[in-house]
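In what follows, a structure is listed as structure tokens, so that the remarks can point back to it.
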Amino acid sequence: MNSLSEKIKAIIFDMDGVILDSETISDITWKKAAEEKGLSINDEILNACRGTNKNDTMIILKKYYGSDFDSEAFLERTSELFHMIEEKDGIPLMPYAKEILEYLKPRYRLALASSTRGPTVERQLKTAGVIDYFETRTTGEMVIHSKPDPEIYLMACKSIGVEPAECAAIEDSLNGIKSAFAAGLNPVMVVDKIKPAEEIRKMCLEVFDSLEDLKSVL
């Protein structure tokens with residue numbers, strides 16, 4: 001048996017870019033909202049905001065666009081555009097998402113730690129048919145600072161009564177890996193939009209290209 005599977009009692013998943021292919025839709029909506037305002041937006045800005053909650057995202061946007069930038073109005077517009085796409089086309093699951101949850105559920109406690117707000121998480125997971133796999137859901141409005149701050153992962157561990165050292169965190173973003181690592185979990189990165197630099201790789205127990213690869217260590 002793999003040494004990781006021997007010490008892990010629970011697995012805490014991120015949602016966006018791990019369970020749901022929502023990052024692809026978010027990128028489209030952010031670029032559209034920026035275009036409407038005559039702004040340019042690049043991967044640096046998009047990646048800086050991945051895995052953060054609304055409060056921290058607004059701070060990051062003001063850093064890039066200036067202290068007088070109406071970041072709240074910008075996020076409201078991205079949300080409107082996102083909902084239009086979600087209602088029309090839905091949000092697809094990431095490859096192997098349902099299969100890996102089905103595989104892991106009998107073996108481990110499963111929980112969620114997402115910077116997205118609770119009502120949105122509930123709606124999207126229900127629509128995707130995977131909400132019942134998660135014992136608890138710790139979401140963006142429940143914490144003051146989300147990823148890369150460790151607060152959300154510490155809260156998620158507490159919600160299921162398992163020590164961080166006995167939890168694996170499945171993440172796709174740099175902010176998510178930093179958060180899980182700082183909280184003392186065992187981070188596993190499943191690459192979506194961002195390839196990890198060496199600094200991030202050192203924080204990860206494993207870096208995989210697909211959720212299916214989790215079967216090799218868990």
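Side-chain atoms are counted along with the backbone in the values below, which use heavy atoms only and exclude waters and symmetry mates. Note that the structure is a prediction, hence the values are computed from the model and not measured.
The side chain to side chain contact (heavy atoms under 4.5 Å, CB included) search around K62 returns S71, not counting sequence neighbours. Residues passing the side chain to side chain contact (heavy atoms under 4.5 Å, CB included) test with A34 are L39, I41, F74, sequence neighbours excluded. Judged as a side chain to side chain donor-acceptor pair (under 3.5 Å), and not counting sequence neighbours, D213 has no contacts. Contacts of T24 classified as side chain to side chain donor-acceptor pair (under 3.5 Å), with partners at least two apart in sequence or in another chain: D21, K193. Remark: S79 engages H83 in a side chain to side chain contact (heavy atoms under 4.5 Å, CB included) (not counting sequence neighbours). Residues satisfying the side chain to side chain donor-acceptor pair (under 3.5 Å) test with E36, not counting sequence neighbours, are R77. Every residue two or more places apart in sequence or in another chain that forms a side chain to side chain contact (heavy atoms under 4.5 Å, CB included) with A169 is listed here: Y153, A180, L185. The side chain to side chain donor-acceptor pair (under 3.5 Å) search around T78 returns none, not counting sequence neighbours.
Applying the side-chain hydrogen bond (donor to acceptor under 3.5 Å, both in side chains) test to pairs two or more places apart or on separate chains, those with a residue in residues 178-191 are K7-N186. The side-chain hydrogen bond (donor to acceptor under 3.5 Å, both in side chains) pairs that include a residue from residues 140-150 are D14-K147, N53-S146, D56-H145, T139-E141, K147-E171, where partners are two or more places apart or lie in different chains.
S114 and V121 get closest at one heavy-atom pair: OG-CG2, 3.8 Å. Residues P196 and L174 share a closest heavy-atom pair of CA-CD2, 4.4 Å. L110 and F13 make their closest contact through CD2-CE1, 4.2 Å (heavy atoms, listed as atom of the first residue, atom of the second, distance). Residues L211 and P95 share a closest heavy-atom pair of CD1-O, 3.7 Å. Between L154 and P164, the shortest heavy-atom distance links the atoms CD2-CG, 4.1 Å. When every heavy atom of F69 is checked against every heavy atom of K37, the shortest pair comes out as CE1-CD, 4.5 Å.
Hydrophobic cluster membership of L81, counting Ile, Leu, Val, Met, Phe, Trp and Tyr whose side-chain heavy atoms lie under 4.5 Å apart directly or via other members: M84. Within the hydrophobic cluster formed by Ile, Leu, Val, Met, Phe, Trp and Tyr side chains joined at under 4.5 Å, directly or through other members, V162 is accompanied by I160.
Atom CG of D132 is separated from atom CG of L125 by 10.0 Å, given to the nearest 0.5 angstrom. Remark: R107 CZ to K215 NZ distance equals 8.5 Å, nearest 0.5 Å. Distance check, rounded to the nearest 0.5 Å: CD1 of I177 to CG of D172 gives 8.5 Å. Between the CG atom in L46 and the OG atom in S26 there is a gap of 9.0 Å [rounded to 0.5 Å]. Rounded to the nearest 0.5 angstrom, I8 CD1 and R109 CZ are separated by 13.5 Å. Within the model, atoms CZ of R137 and CD1 of I131 stand 4.0 Å from one another, a figure rounded to the nearest 0.5 Å.
Using a 4.5 Å cut-off on side-chain heavy atoms (C-beta onward), L214 and F208 make contact. The closest side-chain heavy-atom distance from L75 to W30 is below 4.5 Å. The shortest side-chain heavy-atom distance between E151 and M142 does not fall under the 4.5 Å cut-off. I25 is listed as a side-chain neighbour of I91, based on a closest heavy-atom distance under 4.5 Å. Side-chain contact between I100 and E212: absent, with no pair of heavy atoms (C-beta onward) separated by less than 4.5 Å. Residues C204 and F181 are not in side-chain contact: their nearest non-hydrogen atoms beyond the backbone lie 4.5 Å or more apart. Contact check for T116 versus K54: no side-chain heavy atoms found under the 4.5 Å cut-off.
Cluster annotation: Y96 is connected to M15 through the hydrophobic network of ILVMFWY side chains, with a link wherever side-chain heavy atoms come within less than 4.5 Å. No continuous path of hydrophobic side-chain contacts links I194 to I170 [ILVMFWY only; heavy atoms under 4.5 Å]. L20 and I152 are not part of a single hydrophobic cluster, where members link through side-chain heavy atoms under 4.5 Å apart. Note: the hydrophobic cluster containing V190 does not contain I12 (ILVMFWY, side chain heavy atoms under 4.5 Å, direct or indirect links).
A salt bridge is defined here as a Lys NZ or Arg NE, NH1 or NH2 lying under 4.0 Å from an Asp or Glu carboxylate O, and K126 with E122 meets this definition. In summary, D209 and K195 do not engage in a salt bridge, as defined by a charged side-chain N under 4.0 Å from a carboxylate O.
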Chi angles and distances behind the side-chain contact (heavy atoms from CB on, under 4.5 Å) call for Y133, L112: CA-CA 10 Å; Y133 288 100; L112 194 87; over 6 Å; no
Candidate pair E206 and M189, rule side-chain contact (heavy atoms from CB on, under 4.5 Å), full reasoning: CA-CA 6 Å; E206 301 282 354; M189 185 170 188; over 6 Å; no
Candidate pair M155 and K158, rule side-chain contact (heavy atoms from CB on, under 4.5 Å), full reasoning: CA-CA 5 Å; M155 188 179 289; K158 190 174 182 180; 5.6 Å; no
Steps toward side-chain contact (heavy atoms from CB on, under 4.5 Å) verdict (V18, D192): CA-CA 8 Å; V18 174; D192 181 27; over 6 Å; no
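In this model, a donor atom of one side chain and an acceptor atom of the other lie less than 3.5 Å apart for S22 and D16.
In this structure, K9 forms no cation-pi arrangement with Y108, as its terminal cationic atom is not both closer than 6.0 Å to the ring centre and no more than 45° off the ring axis.
Atom CD of E99 has more than 12 heavy atoms from other residues, nucleotides or ligands within 6.0 Å. Heavy-atom neighbours of K105 NZ from other residues, nucleotides or ligands within 6.0 Å: above the threshold of 12.
In this structure, T52 contributes its side chain and C49 its backbone to a donor-acceptor pair below 3.5 Å.
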